[in-house]
Amino acid sequence: MLRVRLMGLLVLALVLTQGCVVSRGTLGEPLREEAITQIKKGVSTTSEVVALMGAPERIVRGNEREIFHYYYYDGKSPALLLLIVNIMRMEVKSDNLYVFFGRNGLVEEVLYSKRTPNVQFKLWPFGD
Amino acid sequence: MAIPMKVGHCLLVVLCLVILAGCSLRRVVVNDVISPQRVTFIQSGSTTMQQVVSRLGAPDEIFESEFGLATVYEWSDTKFSAIDFGYAARAFSPYSPSMTLARTGIDKEQFQVHYDAQGIVRTVGFIRHEEAVPVLWFWPF
């Protein structure tokens with residue numbers, strides 16, 4: 001009897017989850033907060049920042065300064081592919097870190113924000 | 001001749017399934033929306049880059065303009081919906097003809113903040129924007 005129930009539960013679980021797709025995609029490496037906190041304004045040099053964070057994804061020049069840009073993208077996408085209806089939603093958010101260097105090669109400013117912890121697996125395509 | 005209630009319900013379910021058959025909804029949302037209400041604190045000539053970043057987060061892009069740095073916040077909402085009227089033919093035919101209406105709306109937006117050489121906000125603005133299409137909007141014409 002127990003075996004029949006277990007089989008029934010397994011079949012029910014398979015029926016309920018058929019057509020379910022859960023996928024995740026990332027771009028770049030996550031920005032390590034413990035490394036970012038070690039970057040000190042007026043103290044850290046270009047090579048120290050590179051040693052901590054690696055080479056930047058982009059280098060921007062502006063106001064006679066050099067700006068290192070590091071980013072990381074995280075996307076989560078559930079989907080329901082049923083016989084009659086297909087629903088898919090994907091949420092993507094990014095983390096960005098900018099390190100500004102002055103003419104003396106020392107860090108002048110650090111701009112950082114982390115949005116990726118707020119990425120959720122949302123299936124319902126309507127609303128926010 | 002009146003149709004019994006049970007049969008009526010069954011017909012309604014079948015009708016709904018036929019209408020929904022071949023329906024496809026997809027949505028891709030990138031980053032959070034920055035609404036005009038969220039940026040009212042920015043005052044040209046006095047707000048600094050640090051103050052903007054503390055409220056809106058780090059921008060997605062920084063570039064140099066003629067007067068100083070400019071920052072760009074980007075977000076998008078892409079909606080795709082389609083309906084395949086030929087899908088229902090699968091129920092009774094080995095061949096299902098494709099009769100699909102589909103529409104994709106890419107709602108890509110930007111908020112730009114331009115600073116002067118001292119890092120004080122010079123001007124701000126959203127890119128031009130048309131009203132977003134609803135999620136279920138497969139009429140392509």
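In what follows, chains carry the letters A, B, and so on, assigned in the order in which the sequence lines appear, proteins first and then strands, with residues in each chain numbered from 1. Note that the coordinates shown come from a computational prediction; the quantities given were computed from them, not determined experimentally.
- Per-residue counts of heavy-atom pairs under 4.5 Å with chain B were compared for A:Ala79, A:Ser94, A:Gly75, A:Ser77; the largest is that of A:Ser94.
- Taking the six-membered ring where the residue is Trp, A:Tyr98 and A:Phe100 present tilted rings, their angle falling between 30° and 60°.
- Side-chain atoms of B:Arg103 and B:Ser81 include no donor-acceptor pair closer than 3.5 Å.
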message: The test is side-chain contact (heavy atoms from CB on, under 4.5 Å); show your working for A:Leu31 and A:Lys114 and say whether it passes.
response: CA-CA 9 Å; A:Leu31 305 177; A:Lys114 199 176 176 80; 5.6 Å; no
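- The contact between A:Arg89 and chain B is made by backbone and side chain atoms together, counting heavy-atom distances below 4.5 Å.
- Only the backbone of B:Phe63 comes within less than 4.5 Å of a heavy atom of chain A; no side-chain atom from C-beta onward does.
- Proximity to chain A (any heavy atom under 4.5 Å) is shown, for B:Asp77, by neither the backbone nor the side chain.
- Hydrophobic clustering, with ILVMFWY side chains joined whenever heavy atoms are under 4.5 angstrom apart, keeps B:Leu56 apart from B:Val72.
- For the set B:Val30, B:Val28, B:Asp60, the count of heavy-atom pairs under 4.5 angstrom toward chain A peaks at B:Asp60.
- Chosen from B:Thr78, B:Val53, B:Val33, the residue pairing most often with chain A at heavy-atom distances under 4.5 Å is B:Val53.
- Contacts between A:Tyr71 and chain B at a heavy-atom distance below 4.5 Å are absent for every atom of the residue.
- A donor-acceptor pair shorter than 3.5 Å cannot be found between the side chains of A:Glu48 and A:Gln38.
- Ion pair B:Glu74/B:Lys108 flagged as a salt bridge, since at least one NZ, NE, NH1 or NH2 atom sits closer than 4.0 Å to an Asp/Glu carboxylate oxygen.
- Using a 4.5 Å cut-off between heavy atoms, A:Ile67 touches chain B through its side chain atoms alone.
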